[in-house]
Q: 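Before anything else, here's the structure in question.
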Amino acid sequence: MKRFSRFLLWATGCAIFVAVAVSPAISADKIKMGFVFSMTGGAASYGVSQKEGAQLAVDQINAAAGSGMQVTPIFEDDASVPQQGTNVYNKLINGDKVAVVIGPTLSNTAKITNPIAQQIGVTVLGVSNTAGGITEIGDYIFRNSLTEAVVIPNTIRVAKEKLGLKKVVLFYGNDDAFTKSGADVFRKVLQAEGIQILGEQTFAKGDRDFSPQLTQIKSQSPDAIICSALVEEASGIVSQARQLGIAKNVRIVGGNGFNSPALIKNAGEAAEGVIVGAAWNFSSTNPLNVKFVDDYTKKYNHPPDQFAAQAFAGVFIVYQAAKSAGTADNRKAIRDAMLKIKGIDTLLGKFSFTEGRDADHSPVVQEVKNGKFSVFVK
Amino acid sequence: MLEVHDLTVSYGPIEAVREVSFRVEAGAVVSLVGPNGAGKTTALNAVSGVIPARRGRILFEGRDITRMSPHQRVSEGIVQIPEGRLVLAGMTVRENLEMGAYRRPRPEIAASIDRMEARFPILRERSGALAGTLSGGEQQMLAIARGLMAKPRLLLLDEPSLGLAPLIVRLIFEIIRELQAGGQTILLVEQNARQALAVSSHAYVMENGKVVLEGPAESLTSDPAVISSYLGQAISSPT
Amino acid sequence: MEQLAQFYAVYGSVINFIGINALLALSLNFTLAAGMLSLGNAAFAGIGGYTAGILTVHLKAPLIVSLCGGSLMAGVVGLLLGMPVLRLKGVFLAMATLAFGEVVRIAAVNLDITGGAEGLTGIPNITRTWMIFLALALAAYFMATLRRSRIGWGLISIREDETAAACLGVDITYYKVVAFTIGAMVAGFAGAMYAHLNYLITPRDFGFFIAVDLLVYNIVGGTRIWYGPILGAALLTALPEILRGVGVAAGPVRLAVNGVILLLVILFLPNGLASLFTRLRPVAVKTGRAERT
Amino acid sequence: MNLLAQQLVNGLFIGSVYGLFAVGYTLVFGVLDILNLAHAAVFTLGGLSAVWLVQAAGMSIWLAFPLATLLAGGLGLLINAAAFAPLRRRADSQFSGLISSIAMAIIFDAAALGLFGARSVRFPPGTVKVHVWQIAGVTITSLQVGIVLVATLLMLILTLFLQRSRTGKAIRTVAENERAAMLLGVNVSGIIAFTFFISSALGGAAGVLYGLYFDSLAPDMGRAIELKGLAVIILGGMGSIPGAILGGLAFGLSEVLTVAVSGTSNLRDAVAFTVLFAILLLRPSGLLGRGKLREA
Amino acid sequence: MNLSVDNISRSFGGVQALMDVSFEVELGTIHGLIGPNGAGKTTLINILSGVLPPTHGQVLYQGLSLHHLPAHQVAALGVARTFQNIRLFPTMTCLENVQAGQHLTAERPLMPRLLRLPSAGREDRELEERARDNLVRVGLGDRASHPARSLSYGERRRLEIARALALNPSLLLLDEPVAGMRRGEAAEVADLIRSLVQGGMTILLIEHNMAFVMEICSCITVLNFGRVITTGSPDAVRRHRDVIEAYLGSERGDA
């Protein structure tokens, strides 16, 4: 017992010492990228995809660079907890002295971590944050993830045009920042397009049973169900809707959150006909994308999702900026180079940053057809 | 049958029983008497194994059982009917009886219950009732019947008359006498000294965790020391 | 000096969270000291945090006013909640406060003024490390002093034995409500500071798992002395950093180590980490309840 | 009317899963007066290991289901041995037991994450054949019926087991009075371990059924049901088996009815927890509790 | 102005623990309450101290009715008690136990303490001194810093008395004050109780040690099955036929 307690003290002391003492030297031909992803906790499934996508990009860059600029990645886990995100940010920026930070996974975390980077002057590239107000934090904050505010209006317009939507029901997760703000955009766009909202239903993160809400929705006979959800809940909603006998011609329309092979894997047959507005199309024939899907599937034994794709693209964008700035550690120079990124080729298509440092590339509207995402034509 | 040598039992720093020795011969009824707080129940609990002995040895039929777990002792045939009865209030009377035979082979149980219910008709009458709804006297009957269901070789009876009306107390001692006639070995702890001595062949008087007096029950009945241990030393014989 | 600045740059946020969590843990300690198992203090922190945030954002109140306002609001709710629920004991009290916490969280999700799921944004980041630790020091001093005051003696008597305490003249209901309310106020203050540390607060910052964390801080640190909860909060808040420091990789392994450490502490240090620093008497062992013959 | 009927069917179904989850929870509480907060983690591991057995080991679900259930039972034994047995004689065992079970829950969560990954997994398509019936406008699937049947069957077996069997009666005896049980020859620590086994096995079984129906299992799936399980056992009365079943149904129905009556789902959990709060204040022993208020 | 117990009845779920119990305790005396196990003695003490309300009847003490007051208010009226099953605060030291008993007699205000005013320190020293005096009084002067749980059975009983004395009571209810004590120890307690009464206190005690009861009580009430058999002087009680029967069992019906 006494020994155990002594051990605890000793371990605490050692840990703090090690953490302080190890402030590795910065080497000029290696760019240090810090990654903050949620690898455990509630958002673990997204964080793990992101890490895989980013790791693949780093490996490919380093293999190709030869004696050129290499990438040293430092992956950290924020456990899906904003507090831990803050701690990790401080550690990466002030301890590891990274040149840029990619992440964090969740928008809520980003809202409290990104100001830290802004204050010190470190470029942050969000690769999955879609909530409003992220890039407004400051001029060091970028993202390559198309926001729902871009994706959703496009989706609704296309869906209205091709399906003649008149009355719909809005179904969303109301205790999550991503799904809630997505729903707000949906609502605004639907009103602007003159589509009647028959009613709204909500669910909570982690819910698996959606039948009470879907039963209500069914009784309102909408033309479509407009849904703001992440893929876990989306799969359940889609399969339970069909199980409850909501007819196939009542389309389910979702945003970025739906854009994952997991939807098709989990919902199976029921996923057919689901309309997904997204930043990235799995079956895009863009050669960069085809190669990415191939490499990823080979390396990890499962197909990539949008999280992996955006993380992959993010690493390349940052690398591109650093190369054109000609520096691996000048934080300001890298930021300036980021601002100049215009029309570069990525697996997401031609990519630029807007003036507000948000992603600028064209969104896609997809439909699940024969167990695959394909461009929605009707 | 049972030999207890220099038994010491303590709760934390408090020694409730100090170096007590006693023995029970097969077929005999032996009682431990004495005032409240003398350590009688503690001694009994040490024999049934509910409380571990700190020092000393307990032999049952020549074998050392001091370190045996309580449920093993039940298998050996040492069965305690505890103070306060401890009937299983949320279970039916019949289930209580069944639990009494927990360590016996299943096929024998039904017949045993029949015999028990024949002996205590009230238990047959209330067979399906929850034990908690029985009156105090009925609960004591149930506790005794439940103890007997285990076919004890040594029955430890703890304060069977506690809190019961005089009429019921008489009935309980009637039952003890019957058991004795049937050859049941009993170690009895009882505050009601006169009744206890009347059914016993041998007795030990305890005071403050120690045995202060022992002898054949009859000789103790008239021993003024026994009375004094209960009602104070100054007492003369009742008038 | 430079090294110190560097240390603060890297670990400043950890240090801040240690302070906030310690203050929260201390707030629950007020309640635990009287033997009441409450899971409501995270909700009180939430009430304090939201109230303070709203005061700052919507009414442009100065920081100190917001902090006190948050604390007061939490205290009032604590008083109103305490009067009916403190009749309950043990797990039942825990469940009632838990249900209360959930209702508060759901209210925060559904109300407009709290900003719903996206949380209350636009709160300036004006809590400083010195403020947190000043508040913590004051609370700890208050707590330690309180223990030696009339209320403190009463609460400890209640924890040890309610009936005996009543027979010594301790008004049990009154003292329990007082302890509960003080705890709520301290939690509310901590929540208010937290709101001004992070730019935003969301309903999830004050949910069930946070409530459980506060309990864990107390038990791991030790409930019987004022610095117990502080130790517990410090160790467990810093644990991810410590594990990172000793090279335990992120992910499941770190989570598992976390669980194992918790288990070891509870098994081998029954009075928590505090017992390493002070000679606390062992937790009473269940003996037969005053067995008598 | 169809709408209401469909909602009642929904409520019945989810309620029976809540009930099955809560039965295991309440069983341990009934015997030991201790909350086992690792129960939700066992639920998760039970479900995940069934997926693994079907997917990786290629077993039929009919074999994988009982095996996963047994495995979960084994976890129960582990919980008892590591987290509860060592604390049993400590005066604060209610507090410390709570914490040690949280520790076990964290360790199990880590195991789930390490063994099965963070992504949600599912049973391979066609693990069970699903028929969909439309009866008077109400949709019912064979899987739903099957799950309600299996849950009912398991609860029935448990009830009969506790009522009739020797070991079941021994469990009830220990719950009534440990000391009396000891004196009747019951191996009390053995029975307690066995109770943990059954409790966790039921939790694991609930996890498999839950995973089968919702067809997506992830390491954090226990989190959503954990609080509801606690609410259910309070509602039904701590320690009461029929109470847990009834409480599960009542909770399931209250959820769907809130949606059906208010037309929106924002208030679903708020109503459920407000009811829980009210029950605690008005009738702390729950619907079928034993009427006595246990002290801490 | 005596302590008068007037027609007290109390039942627990249909079981009648006390039936129409009435007797008077003269102030400034030692009054004994005896009877076999289960006679209802402790229930009566619980009612007198406000731990339990009676089903019927009333208790008057110094002209005030006690029976509807909660325990802490009864204590505030100067009624202190000990417990048959010893309810000390086991993890606290002896001194702390007694100091916990000073709850009503000590102010211990928070503000002067927070401000570290000398008055707080002065009060603490006074209280500690008084607590030590009480410990010395019961013969535990050398055990002040020992945890209560390390004491022997008899010492614990004496500590409980010291804690009760910290309330400065005018009426002291003792539930088996010498149970489990050796003879010499019991004699010391007897001396202590006598000295308390000489100081003006009234004492009502339950005890099974008859030698002790007979020796120190001026008046004794005997309970059996919840009813009063008799109240009278020790000599009268000891010769009372019903009392002997209650204790030793009936002679009729024996062999």
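Just so you know, these numbers use all the heavy atoms, side chains as well, and skip hydrogens, waters and symmetry mates. As the structure is a prediction and not an experimental result, all values here were calculated from the model. Throughout, a chain's letter reflects where its sequence line sits, starting with A, and its residues are numbered from 1.
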Q: Could you walk me through whether C/T202 and A/K111 pass the side-chain contact (heavy atoms from CB on, under 4.5 Å) test, one step at a time?
A: CA-CA 11 Å; C/T202 66; A/K111 283 183 187 167; over 6 Å; no
Q: Please give me the minimum heavy-atom distance between C/V109 and A/N174, naming the atom from each residue.
A: CG1-O, 3.1 Å
Q: Taking it one step at a time, do C/V14 and A/K91 satisfy side-chain contact (heavy atoms from CB on, under 4.5 Å)?
A: CA-CA 10 Å; C/V14 184; A/K91 182 244 173 198; over 6 Å; no
Q: Does any backbone or side-chain atom of C/N110 lie under 4.5 Å from a heavy atom of chain A? Answer side chain, backbone, both or neither.
A: side chain
Q: Would you name the heavy atoms of C/E118 and A/S181 that are closest together and state the gap between them?
A: OE2-CB, 3.1 Å
Q: In Å and rounded to the nearest 0.5 Å, what is the OG1 to CG distance from A/T86 to C/L197?
A: 8.0 Å
Q: Do C/I20 and A/Q83 make a side-chain contact, defined as non-hydrogen atoms from C-beta onward lying under 4.5 Å apart?
A: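 Heavy-atom side-chain distance check fails, nothing below 4.5 Å.
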Q: Measuring from atom CD1 of A/I112 to atom CD1 of C/I123, what distance do you get when rounded to the nearest 0.5 angstrom?
A: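 Separation between the atoms: 11.0 Å.
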Q: Taking all non-hydrogen atoms of both residues into account, name the closest pair between C/A9 and A/N94 and its distance.
A: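 Minimum heavy-atom separation between C/A9 and A/N94: O-ND2, 2.5 Å.
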Q: Drop me the distance from A/T40's OG1 to C/L255's CG, to the nearest 0.5 angstrom.
A: 6.0 Å
Q: Taking all non-hydrogen atoms of both residues into account, name the closest pair between A/K180 and C/A117 and its distance.
A: CB-CB, 4.1 Å
Q: First locate atom OG1 of C/T121, then atom CD of A/E136, and finally report the distance between them rounded to the nearest 0.5 Å.
A: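 Between atom OG1 of C/T121 and atom CD of A/E136 there are 11.0 Å.
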Q: Evaluate the criterion side-chain contact (heavy atoms from CB on, under 4.5 Å) for residue pair C/F17 and A/N87; output intermediate values, then yes/no.
A: CA-CA 9 Å; C/F17 290 132; A/N87 296 344; 3.4 Å; yes
Q: Is it true that atom NZ of A/K299 has more than 12 heavy atoms of other residues, nucleotides or ligands lying nearer than 6.0 Å?
A: yes
Q: Let's test your reading of the structure: which of A/P115, A/G173, A/P82 forms the most heavy-atom pairs below 4.5 Å with chain C?
A: A/P115
Q: Would one find more than 12 heavy atoms of other residues, nucleotides or ligands at under 6.0 Å from atom CD1 of C/I113?
A: no
Q: Less than 4.5 Å apart, side chain to side chain, heavy atoms only: is that true for C/R204 and A/D176?
A: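 The answer is yes; the side chains approach within 4.5 Å.
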Q: Would you call A/D77-C/R254 a salt bridge at under 4.0 Å N-O?
A: no
